[in-house]
Amino acid sequence: MHNAAFEALGLDYCYIPFSVHPDLLSAAIEGIRALNLLGVNITVPHKERVMPMLDKINGEASFIGAVNTIVSSDGQLTGYNTDGRGFMQSLSESGINVRERNVLIVGAGGAARAIGYYLAQEVKALYIYGRTRERAERLVQDLKKVAVNVSTLQDISPADRFHMIINATPLGLRDDDPLPLDTGLLHREQMVCDLIYRDTRFLREASKRGCATLNGLGMLLWQGVFAFELWTGRRPDVEIMRKALADTIS
Ligand code: NAP
């Protein structure tokens, strides 16, 4: 999607994936300076470990505790996180309003942090349910710095108190994965989201229960749009990016 947007704007850049071994992360980051790259995206498992290797971290990425975008300027590397904004933009373009809503996030990793940062400031109440209780509690303590109505849950049921339920775990990346929660608990007034960028079994089951659903494709698109703007200072053609993304994923 980035290459399509560069081409449409006549920008002489290209976007290339590199698979970086964790032991060579700092060498790869130094390589950004050495090769005079404009910037990079960072994905799992490097999003947190990369932070001390950068010259600056912007406020939002620092709060979230993870970086997905690095901008290189005059040899200075600055880390950003565009995942949370990407998710909020995908909700908004789908006409979904979270104000006055009770929202449950399942998972307490980097993506839950990124979306939690924004959701906590908008929703009526935000609940975090994580497999590792201490990690979920740490996230809630951090989110309480930006909003008061945030808490952990020991038990998801009764689930009818949530207007929106979001899977922020990797469960569903493979079709034989267990579901992130018992879909028998869902009912038709609920909105169910998955950050995985295709319709997972969780979303299909939720849809059968009559729930409205949203996958992570819009989030993937918009985090990329915001990263593009950080690198180039230009607004890309979002529809060109959306089409390139859809063509790649289908
Ligand atoms: P992460 O930092 O590794 O966190 C994963 C979270 O899921 C942790 O809380 C982990 O629990 C939990 N988890 C993992 N396996 C589990 C299992 N078998 N049962 C229950 N909980 C489990 O990963 P992440 O970066 O947050 O990514 C989470 C998901 O979001 C991934 O599917 C990723 O592809 C997706 N994502 C999508 C976008 C997009 O643009 N659409 C952007 C970012 C991420 P523990 O704390 O116990 O380990």
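As the structure is a computational prediction, the values presented were derived from the model and not from experiment. When a ligand or atom number is given, it counts from 1 through the structure's own listing order.
Comment: E137 engages R133 in a salt bridge, judged by a side-chain N to carboxylate O separation of less than 4.0 angstrom. Salt bridge annotation for K243-D237: absent, with no cationic side-chain nitrogen under 4.0 angstrom from a carboxylate oxygen.
Counted by atom type alone, Q89 and Y118 present zero donor-acceptor pairs between their side chains at under 3.5 Å.
Using cut-offs of 30° and 60° for the angle between ring planes, the W231 and Y15 rings count as tilted. Relative orientation of the F63 and Y117 rings is tilted, given thresholds of 30° and 60° on the angle between their planes.
Protein residues with a heavy atom under 4.0 Å from ligand 1 are V44, K47, D83, G107, A108, G109, G110, A111, R131, T132, R135, A168, T169, P170, L171, L195, I196, G216, M219, L220.
In this structure, L173 shares a hydrophobic cluster with I196, the cluster being traced through Ile, Leu, Val, Met, Phe, Trp and Tyr side chains under 4.5 angstrom apart.
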